[in-house]
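Remember, it's a predicted structure, so these values are computed and weren't measured experimentally.
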Amino acid sequence: KAEAEAKVKAEADAEAERKREEARKRKEQVKHEVEQKEKAIEAEAAEQKRKSEEEKKQKVEAKLNDIAASQTKAEDKKKEDKKAKMKEEKLEQKKAEAKAAKQAETANAGS
């Protein structure tokens, strides 16, 4: 009788141990899955942050390019205006010289 009880107890202990081992394995697996999900979330967050920073950087570069382009445009316009003014001044000077030459001719013809 004692032997039968010991056998039943040993089987019950073995069953309890097996269940504890299964529970431990399940717990490990769940822990591992949670860690994997956390890593995936962290990786996604890091990627979003990187994309956001890249977009900001591109916007800043675009603004800087716009500023540089408008400065270049303004400088080009300044140069064009200066050229036009110089042309205008040369034209005025030629007109004045022609007028002076004509007056001198008229004065020489009169004497």
### Message
Is it true that, when you exclude Glu3 itself, more than 12 heavy atoms of the residues, nucleotides or ligands shown sit nearer than 6.0 Å to its CD?
### Response
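For Glu3, atom CD is not crowded (no more than 12 foreign heavy atoms under 6.0 Å).
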SB check [X] [Y] (cutoff 4.0 Å):
| X | Y | result |
| --- | --- | --- |
| Lys78 | Glu75 | no |
| Arg18 | Glu21 | no |
| Arg20 | Glu17 | yes |
| Lys85 | Asp81 | no |

Q. Taking side chain as C-beta onward, heavy atoms only, is Glu92 less than 4.5 Å from Lys95?
A.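 They are in side-chain contact.
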Going by salt bridge (charged side-chain N to carboxylate O under 4.0 Å, His left out), name the pairs with one or both residues in residues 31-47, residues two or more places apart or in two chains.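 Salt bridge (charged side-chain N to carboxylate O under 4.0 Å, His left out) check on residues 31-47 returns Glu47-Arg50.
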Interatomic distance, [X] atom [atom1] to [Y] atom [atom2] [nearest 0.5 angstrom]:
| X | Y | atom1 | atom2 | result |
| --- | --- | --- | --- | --- |
| Lys56 | Glu61 | NZ | CD | 14.5 Å |
| Lys63 | Asn65 | NZ | CG | 13.0 Å |
| Thr72 | Lys79 | OG1 | NZ | 9.0 Å |

Look at the side chain of Ser70 and the backbone N and O of Asp66, then say whether any donor-acceptor pair between them is shorter than 3.5 Å.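 Between the backbone of Asp66 and the side chain of Ser70 there is a qualifying donor-acceptor contact (under 3.5 Å).
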Before you tell me yes or no, could you show the steps for Gln29 and His32 under side chain to side chain contact (heavy atoms under 4.5 Å, CB included), namely the whole-Å CA-CA distance, both residues' side-chain angles and the distance that decides it to 0.1 Å? CA-CA 5 Å; Gln29 188 178 354; His32 181 69; 5.6 Å; no
